[in-house]
Structure formats: C-alpha cells, structure tokens
Amino acid sequence: MAGNRKEGEKIILDMVEAILPGGGNRQVYEVFFSKMSDRDFDQWMEDINNGKERPFIYVPNGGKHKLSTERNFAIAKKIGHNFFEKVWIDQQDPERPKYLTNVPYIILELPIRRQSQLLVKKISVPENNRSIDQLSGQAAGDSRSARISYPELQFLMGMNLPNSLIEFMKFRGGDKGGFNAMNRTISTDGTVTLKGINHLATGVESTKTLSAYLTSMHLRNTLL
C-alpha cells in the first residue's frame with residue numbers, strides 16, 4: 001500500500017472536500033495523514049476495508065457550510081454508487097412467499113441510540129397488533145401502548161396538522177376498515193397515504209357505539 005498511499009490520500013481528500021466544500025474537512029485529514037506512518041496508514045485502510053473504521057465528515061451545527069442531498073446524489077453517481085435498491089419482503093405467514101418490491105427504496109446506514117428505559121415493565125411497546133376493543137375499535141390489552149390526550153390534539157390543531165389529527169383520531173382511533181387498510185398497505189408498499197386508503201374507511205366504532213346507546217335511550221341523533 002505504501003506505493004499507493006499518495007493516490008489513496010488524494011482520493012479521500014478530494015472526496016471529503018466534494019461532500020462539504022469549504023467545510024475544513026480536507027485540512028483535518030491532511031493533518032491526520034501527516035501524523036501517520038506508512039504502516040499506520042496501511043492498517044487504517046485495512047480497518048476501513050474490514051468495516052472496523054470509516055472516514056468521517058465533520059459538520060458543525062449552525063455553520064455556513066451545509067450538506068446537500070443533491071450534491072451527495074451527484075457524487076454517488078460519479079463514483080458509481082446507487083442509494084436505491086429493490087427490497088425483499090419476507091412474510092411472517094409461511095404460506096405467503098417473500099417477494100421483491102417493484103419500486104426501489106433508498107438504503108442507508110444510520111446510527112441508532114438505545115432508549116434510556118431498559119426495564120421491560122416500563123417500556124410502552126405493544127406485544128402485537130391483534131387485540132381490539134369491540135365497542136371502540138381501538139387497540140386493547142397487549143396491543144395497547146399509548147394514547148393521545150385532548151391537549152395534544154389541540155397542539156396538533158395549532159400546528160395546522162389536520163392529516164395527523166385524522167390519522168390519530170380516525171384511522172388509528174377506531175376505524176377498523178381504515179386501520180386494516182393502513183397496515184396492509186404499509187406491509188406491502190412500505191408507505192401509505194390517507195388519501196390512498198380513505199375509500200376503505202368504515203367509520204370509527206366508538207361513534208357507532210355512542211349512536212347505538214343514544215338510540216336505545218330513544219334519543220334521536222345525527223352521529224352517523
């Protein structure tokens with residue numbers, strides 16, 4: 001590798017500068033390389049090849065130099081890297097074979113951070129998505145994990161997020177037909193829109209239940 005070190009350094013220096021022009025990363029790596037022996041450089045490159053190390057880009061918060069998605073795509077095209085790939089979907093049901101998506105999706109390596117809650121009894125994560133209260137149509141038992149309060153709904157209204165309100169109060173709030181359509185679409189397509197499943201909505205069950213209660217009390221209502 002010693003004979004190719006100069007060329008290898010140039011590739012890395014040019015790349016970090018292309019990703020964030022003027023961001024100072026080129027100077028950082030120039031200093032970094034100047035302190036490395038040929039043996040250290042060979043080991044560093046070997047660690048990169050084995051996935052133990054990787055070059056980093058430093059982007060200070062609030063700085064004048066910004067990352068650009070369009071620039072990254074252009075660089076990827078130049079070096080022959082494709083961010084988008086078709087994905088194999090593996091079904092939980094053994095009778096349903098896995099399939100390859102028609103549409104390619106962006107594939108990225110992203111950092112993850114473990115939640116601070118480690119005790120199982122404190123983690124609000126549903127065991128499954130199968131238990132439903134017949135009167136409200138909402139998740140119940142092991143499928144229940146969280147709820148949204150009226151003040152939170154007011155915040156959503158104040159932030160002008162009507163689609164979020166509809167999703168929480170309708171499709172995730174007791175509309176069996178819409179909820180099933182949402183889960184099915186996410187499972188098959190990886191994404192969903194309210195407009196795309198609105199025609200499959202059957203109405204919120206709690207509204208139907210309240211209307212039935214009022215009717216049984218001989219109180220005419222217009223809930224349905």
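Given the structure is predicted, the values throughout are model-derived calculations rather than measurements.
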In terms of heavy-atom contacts, Thr202 and Asp175 come closest through N-OD1, 2.9 Å
Under 4.5 Å side-chain heavy-atom separation, chaining through any Ile, Leu, Val, Met, Phe, Trp or Tyr, what else clusters with Met182? Say none if it is isolated.
Ile166, Phe171, Ile186, Val192, Leu194, Ile197
Cluster membership besides Val31, Ile/Leu/Val/Met/Phe/Trp/Tyr side chains within less than 4.5 angstrom, sorted by chain and number, is none
In short, salt bridge (Lys or Arg N to Asp or Glu O under 4.0 Å) pairs touching residues 204-224 with sequence neighbours left out are Glu205-Lys208
Could you pull out all residues at least two apart from Thr215 that satisfy side-chain hydrogen bond (donor to acceptor under 3.5 Å, both in side chains)?
Asn221
Kindly check if the number of other-residue, nucleotide or ligand heavy atoms within 6.0 Å of OH (Tyr99) is above 12?
yes
Closest heavy-atom contact between Val204 and Gly173?
CG1-O, 3.6 Å
First locate atom CZ of Phe179, then atom CD of Gln138, and finally report the distance between them rounded to the nearest 0.5 Å.
10.5 Å
Arg172: partners by salt bridge (charged side-chain N to carboxylate O under 4.0 Å, His left out), with sequence neighbours left out
Glu167
Among Ile107, Val103, Leu100, which one satisfies side-chain contact (heavy atoms from CB on, under 4.5 Å) with Val87?
Ile107
According to the side-chain hydrogen bond (donor to acceptor under 3.5 Å, both in side chains) rule, which pairs have a member within residues 71-80, sequence neighbours left out?
none
Who passes ring pair (Phe, Tyr, Trp, His ring centres under 6.0 Å) against Phe83, sequence neighbours left out?
Phe73, His81
Which heavy atom of Ile79 sits nearest to which heavy atom of Met15, and what is that distance?
CG2-CE, 3.7 Å
Mind checking what makes side-chain hydrogen bond (donor to acceptor under 3.5 Å, both in side chains) contact with Glu53, not counting sequence neighbours?
none
Is any side-chain heavy atom of Pro104 less than 4.5 Å from a side-chain heavy atom of Lys86?
yes
Once side-chain hydrogen bond (donor to acceptor under 3.5 Å, both in side chains) is applied, do any residues pair with Ser187, and if so which ones, sequence neighbours excluded?
none
Contacts of Ser149 meeting side-chain hydrogen bond (donor to acceptor under 3.5 Å, both in side chains) (sequence neighbours excluded), chain-then-number -> Glu152
Would you say CE of Met157 has more than 12 non-hydrogen atoms from neighbouring residues, nucleotides or ligands within 6.0 angstrom?
no
Hey, does Leu156 have a side-chain heavy atom less than 4.5 Å from the side chain of Met169?
no
Flag yes if more than 12 heavy atoms outside Asn102 fall under 6.0 Å of its CG atom; otherwise flag no.
no
Short side-chain to backbone donor-acceptor contact, Thr209 and Leu135, under 3.5 Å
yes
Please name all residues satisfying salt bridge (charged side-chain N to carboxylate O under 4.0 Å, His left out) with Lys10, sequence neighbours left out, ordered by chain then number.
Asp14
Is it the case that more than 12 heavy atoms not belonging to Tyr105 sit under 6.0 Å from its OH atom?
yes
Check this for me: Lys35, atom NZ, are more than 12 non-hydrogen atoms of other residues, nucleotides or ligands nearer than 6.0 Å?
no
Keeping to residues at least two apart or across chains, list the side-chain hydrogen bond (donor to acceptor under 3.5 Å, both in side chains) pairs with something in residues 153-166.
none
Do Arg54 and Glu109 come within less than 4.5 Å of each other through their side chains, counting heavy atoms only?
yes
How are the rings of Phe41 and Trp44 set to each other: parallel, tilted or perpendicular (split at 30° and 60°)?
tilted
